[in-house]
Q: 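Have a look at this one.
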Amino acid sequence: MLERTLAIIKPDAVASKYTGKIIEMLEESGFSIIGMKKIKLSKEDAKKFYIVHKDRPFYDSLTTFMSEGPIIVMVLEKENAIEDYRKLMGATNPEEAEEGTIRKRFGKNIERNAVHGSDSKESASFEIPFFFSEIELV
Ligand code: UDP
Ligand code: MG
């Protein structure tokens, strides 16, 4: 089924100039970029985006990291986009990510792991309009 998902190139990867290589991996894996912009989140924006993690011990550090510098936010489209992009990203901890995944190649540690991706239809339907009010979910 044709699906859309929200992808973010995180501040660590943007600062390290991995944007082009990550976008190349996305396009070579069959994803179409429906929307894309470079923005900088405030700490408050990052806290709203990651509200699902508000009670986790890493919430404060994560939201500080996500607001430290520019990010690239994208809406990706493909058959089975949500699950397939999660696979292309790899495990949350880059040390556990498989060869050929974005996090294996570009992630630094469990927090500074290069990319974000929606983990379900429900999260995609919160995360896509969070950044792209003009783009339809599918
Ligand atoms: N994170 C962290 N420590 C952890 C787990 C997660 O710093 O123990 C950060 C990491 O940047 C991760 C984000 O919080 O990508 C969201 O966590 P989640 O469990 O949703 O992982 P993801 O869906 O990004 O793989
Ligand atoms: Mg997640």
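Start at 1 and go down the list; that is how both ligands and their atoms are numbered. Computation of the quantities below employed the complete heavy-atom set of this structure, encompassing side-chain atoms and omitting hydrogens, waters and symmetry-equivalent molecules. Numbers here are sequence positions counted from 1. Every value quoted in this text rests on a predicted model; they were computed, and no experiment measured them.
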Q: In terms of residue, atom name and distance, what is the protein heavy atom nearest to atom 20 (O) of ligand 1?
A: His53 NE2, 2.8 Å
Q: Of the options Phe65, Tyr50, Tyr85, which is the one that meets His116 in a ring-ring contact (aromatic ring centres under 6.0 Å, His included)?
A: Tyr50
Q: Can a donor-acceptor pair be found between the side chains of Lys78 and Ser32 at a distance below 3.5 Å?
A: no
Q: Quick one: do the Ser120 and Ser123 side chains pair a donor with an acceptor below 3.5 Å?
A: yes
Q: Say you draw a straight line from CD of Glu83 to OG of Ser118; how long is it, rounded to the nearest 0.5 Å?
A: 13.5 Å
Q: Once you restrict to heavy atoms under 4.0 Å, what part of Met66 touches ligand 1? Side chain, backbone, both or neither.
A: neither
Q: Below 4.0 angstrom from a heavy atom of Asn113, which ligand 1 atoms are there? Numbered from 1 as shown, please.
A: 10 (C), 11 (O), 12 (C), 15 (O)
Q: Would you check, one step at a time, whether the test side-chain hydrogen bond (donor to acceptor under 3.5 Å, both in side chains) holds for Lys108 with Ser16?
A: CA-CA 11 Å; Lys108 294 179 175 69; Ser16 298; 3.0 Å; yes
Q: Not counting sequence neighbours, which residues clear ring pair (Phe, Tyr, Trp, His ring centres under 6.0 Å) with Phe131? List them please.
A: Phe49
Q: Please list, in number order, the atoms of ligand 1 under 4.0 Å from a heavy atom of Arg103.
A: 15 (O), 22 (P), 24 (O), 25 (O)
Q: For ligand 1, indicate whether the residue Val52 contacts it via side chain, backbone, both or neither (heavy-atom separation under 4.0 Å).
A: neither
Q: Are any of the N or O atoms of Tyr50 closer than 3.5 Å to those of ligand 1?
A: no
Q: Among protein heavy atoms, which lies nearest atom 11 (O) of ligand 1, and at what distance?
A: Glu111 O, 2.8 Å
Q: Does ligand 1 have any atom that is closer than 4.0 Å to a heavy atom of Lys10?
A: yes
Q: May I ask which of His116, Arg86, Arg56 has a heavy atom nearer to atom 23 (O) of ligand 1 than the others do?
A: Arg86
Q: How far is atom 10 (C) of ligand 1 from its nearest protein heavy atom, and which residue and atom is that?
A: Ile110 O, 3.2 Å
Q: Do the side chains of Met36 and Val73 get nearer than 4.5 Å, heavy atoms only?
A: no
Q: Would you say that Ile8 contacts Met74 through its side chain, given a criterion of any heavy-atom pair below 4.5 Å between the two side chains?
A: no
Q: Decide whether the shortest distance between a heavy atom of Arg112 and an atom of ligand 1 is less than 4.0 Å.
A: no
Q: Which protein non-hydrogen atom lies closest to atom 2 (C) of ligand 1, naming both residue and atom, and how far is it?
A: Phe58 CG, 3.7 Å
Q: Let me confirm one number: the CD-OG1 distance from Glu111 to Thr92, rounded to the nearest 0.5 Å.
A: 12.5 Å
Q: With a 4.0 Å cut-off on heavy atoms, does Leu62 reach ligand 1?
A: yes
Q: Suppose we measure from atom 25 (O) of ligand 1 to each protein heavy atom; which comes out shortest, and what is that distance?
A: Thr92 OG1, 2.5 Å
